[in-house]
Amino acid sequence: MGKETDLDPKALQFLAQLALKPSLQALRNSVFEEIDKGGWDYGYCPLCGSQPNMAYFDKTGKRHLHCELCGEEWPHPRLNCPFCRVQEQKSLGYFHSEQEEGFRVDFCRKCNRYIKTVDKRIVEDAAPMEVEYLATIHLDLLANKHGFK
Ligand SMILES: [Zn+2]
Ligand SMILES: [Zn+2]
């Protein structure tokens, strides 16, 4: 589609996701109760199959991932890359935001991906993940500068 229009493919993807969001969120609301996420330890959304764009630690320190498309959230082991599933400690790392406490970037040296994480034990009044995602663009720049994508 990007070739037929003058639009940047990235912009098209963004628009497509935006257009899909309401129906996926409605779907999510209607099946939310029935989904068993207990045994789900994959790095992609149990509901729509998309990748996570944010993570957070809950009050007990457990990691959860947030779907970039439908907003679903599911638990995921901390020492496990959501993108390539590597579990070796030497491949995984993170750095903290210098500006604010409770935010960090978890990265993987194996696949060179990263995910931003909000620590809700520190950030007690964290906004919905969609908002935190937009509010932490500086962390994306930092991750890109370190060579992660
Ligand atoms: Zn999803
Ligand atoms: Zn990885």
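Ligands are counted one by one from 1 in listed order, and the atoms in each one are counted from 1 as well. Excluded from the calculations below are hydrogen atoms, water molecules and symmetry mates; all remaining heavy atoms, backbone and side chain alike, are included. Residue indices begin at 1 and follow the sequence shown.
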Problem - Donor-acceptor pair between Glu98 and His138 side chains, under 3.5 angstrom - result: no
Handout entry: Glu73 side chain to His64 side chain, donor-acceptor N/O pair below 3.5 angstrom
Key = no
Problem - Ring-ring centroid check His146 Phe95, cutoff 6.0 Å - result: yes
Fill in the blank from the handout: Here the vertex angle at the Zn ion (ligand 2) for SG of Cys84 and SG of Cys81, given to 10°, is 110°
Handout entry: Donor-acceptor contact present, side-chain Trp74 to main-chain Tyr42, <3.5 Å
Key = yes
Problem - Angle subtended at the Zn ion (ligand 1) by Cys67 SG and Cys70 SG, rounded to 10 degrees - result: 110°
Problem - Angle at the Zn ion (ligand 1) (to 10°), with one arm to SG of Cys48 and the other to SG of Cys45 - result: 110°
Practice task
To 10°, measure the SG(Cys108)-the Zn ion (ligand 2)-SG(Cys111) angle for me.
Solution key: 110°
